[in-house]
Amino acid sequence: MYLLILNHRLVVALMKRLSALLCLVALMLIGGCTKQPLAKVNYSVAVVQTTGQSRNSLITYYNNQLKPVRKQHLSYPSLGSTWNNEVYSDEYVFLIPLGFMKSEKEHKVLGINRRSGSTMVYPIDRTSLQGIAVSPTHLYATSNLNGVNYITQLNRKNGNTREIELPLDYVKLLMYHNGNLFVFSTQLNNIEHNRLFVYNEKMELKREIDLAKIPPYIQKASFLNNKLIFTATSDPNQPIPAQLGIVKLDSWQVSTFPLKEPVANDILTYKNKLIIANTDVVEPRGHSISLVDLDSKEVTVHDLKSGVDRIALSGDTLYALGADELASYDISHDFALKKHINHISAKGLGRSSLFVAKP
């Protein structure tokens, strides 16, 4: 009898261990793999630094006084980029670990829990991921191989994928809004001709919109009052003002709105207005932002006297990231400087992304 009880307990213990192992494998196969949860961090803004030479990235979390409260090391090369938007969804911010320089073969998207810093990996079986968009149920990624652009849709719960191909197109920017995926595409045989493809969640093409009258270099986008609005520039070395491209989502009508500066990159919505970073993504050198009111057609340029390579918004506070500096501004008081710090770069790493705890 004792042996039977012992054997029964042994079997139960083994079954529990096997069940836990199977759950772990299922989690890794379906929704990526997650690291052990970290303690909640009380911060306001985080700066991502990275390199394409080694598996070494660093996230530094700062409080509202711009004092570091945690440093988190991650073993990913080229995590985040000044070329791409960080994407917020639920409690997570999503970034692309592009991979080592010249190979770009990480094949994944990284979700970072904005409360704790714990991470979730979503596998995308494509090389050189260029842009992402996220819905409550799916993750979308764009990649390019041998002149063919691929848009991959990954179900965040079960890992199922759908994919479409765009031959002779290059896609860098994806946006998701109310069941629609917006794909900004440039024709490789005519780089000054941009198009906007609109897909539903079944990856069925709903509409193709010609953007030929928009300046050729489309940078970042946002949504405001049922409009898709994006920054677009001409040659940054020419004194031609940048423009906003505007697509009305009820009529699909396309229009433009002139800015005052020749460069424009990040675009944020703030209380029925837009904040534009006046800088060039190729050669960041700007120190000002534009506050745009589309209703009154007013554009006000504010010289922040600090780099605006990336900007992020939390409430009435604007955060601006430069080459080796981070600053915060009070928007409600005419962008008055709140805090500014220098020498934030870690040795061998360069700044790539900026995200906030409460977007």
Side-chain angles (χ1 to χ4, degrees), residues 82-85 131 170-175 177 182-187 190-198 207-313 318 320 329 331 334-335:
T82 56
W83 291 82
N84 299 320
N85 284 327
Y170 175 75
V171 175
K172 181 179 75 73
L173 180 59
L174 301 176
M175 299 291 292
H177 183 70
F182 298 86
V183 177
F184 290 87
S185 178
T186 300
Q187 292 182 317
N190 184 5
I191 62 173
E192 294 191 356
H193 187 190
N194 292 298
R195 294 175 294 173
L196 177 65
F197 298 108
V198 185
R207 188 171 295 271
E208 178 181 336
I209 301 170
D210 188 80
L211 300 178
K213 294 183 179 180
I214 306 292
Y217 303 110
I218 295 174
Q219 309 296 350
K220 307 288 177 61
S222 187
F223 295 96
L224 176 65
N225 296 335
N226 206 32
K227 300 181 182 72
L228 172 60
I229 306 172
F230 49 95
T231 51
T233 63
S234 301
D235 186 342
N237 296 312
Q238 299 295 326
I240 301 173
Q243 296 185 32
L244 296 179
I246 302 172
V247 179
K248 292 184 177 181
L249 301 184
D250 54 357
S251 65
W252 305 109
Q253 179 183 352
V254 179
S255 62
T256 60
F257 183 91
L259 299 172
K260 292 183 177 181
E261 301 294 317
V263 289
N265 188 26
D266 284 354
I267 176 171
L268 306 173
T269 59
Y270 172 75
K271 294 184 178 180
N272 210 37
K273 296 181 181 180
L274 298 162
I275 299 175
I276 314 295
N278 301 323
T279 191
D280 177 30
V281 69
V282 177
E283 186 181 351
R285 54 192 175 189
H287 293 84
S288 69
I289 58 94
S290 294
L291 183 64
V292 179
D293 187 331
L294 294 177
D295 295 329
S296 67
K297 302 187 184 305
E298 182 179 3
V299 179
T300 306
V301 177
H302 296 264
D303 186 359
L304 301 184
K305 297 180 172 59
S306 180
V308 291
D309 303 349
R310 300 307 315 271
I311 57 175
L313 183 64
L318 178 74
Y329 300 87
I331 305 173
D334 206 31
F335 292 90

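Because only heavy atoms are used, hydrogens play no part in the values below, and waters and symmetry mates are left out as well, while side chains stay in. The structure presented is a predicted model; accordingly, all values stated were derived computationally and were not measured.
- Taking His302 as the reference, Phe335 meet the ring pair (Phe, Tyr, Trp, His ring centres under 6.0 Å) condition, with sequence neighbours excluded.
- With sequence neighbours excluded, the residues forming a salt bridge (charged side-chain N to carboxylate O under 4.0 Å, His left out) with Lys271 are Asp316, listed by chain and number.
- In this view, Glu192 satisfies the salt bridge (charged side-chain N to carboxylate O under 4.0 Å, His left out) rule with no residue, not counting sequence neighbours.
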For residues 245-261, which side-chain N or O atoms pair as donor and acceptor with protein atoms under 3.5 Å away, sequence neighbours left out?
unit_1, atom_1, unit_2, atom_2, d
Ser251, OG, Gln253, N, 3.4
Thr256, OG1, Gln243, OE1, 3.3
Lys260, NZ, Val299, O, 2.8

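- Taking the salt bridge (charged side-chain N to carboxylate O under 4.0 Å, His left out) definition, one finds that Glu283 meets it with Arg285, sequence neighbours left out.
- In this structure, the side-chain contact (heavy atoms from CB on, under 4.5 Å) partners of Ser306, at least two apart in sequence or on a different chain, are Glu325, Ala327, Tyr329, His340.
- Scanning for ring pair (Phe, Tyr, Trp, His ring centres under 6.0 Å) contacts around His177 gives Phe223, with sequence neighbours left out.
- Residues in residues 272-299 take part in no ring pair (Phe, Tyr, Trp, His ring centres under 6.0 Å) pair, two or more places apart or across chains.
- Pairs engaging residues 291-302 under the salt bridge (Lys or Arg N to Asp or Glu O under 4.0 Å) rule: none recorded [sequence neighbours left out].
- Considering only residues two or more places apart in sequence or on other chains, Phe184 meets the ring pair (Phe, Tyr, Trp, His ring centres under 6.0 Å) condition with Phe230.
- For Lys220, the salt bridge (charged side-chain N to carboxylate O under 4.0 Å, His left out) partners at least two apart in sequence or on another chain are Asp266.
- With sequence neighbours excluded, no residue satisfies ring pair (Phe, Tyr, Trp, His ring centres under 6.0 Å) with Tyr170.
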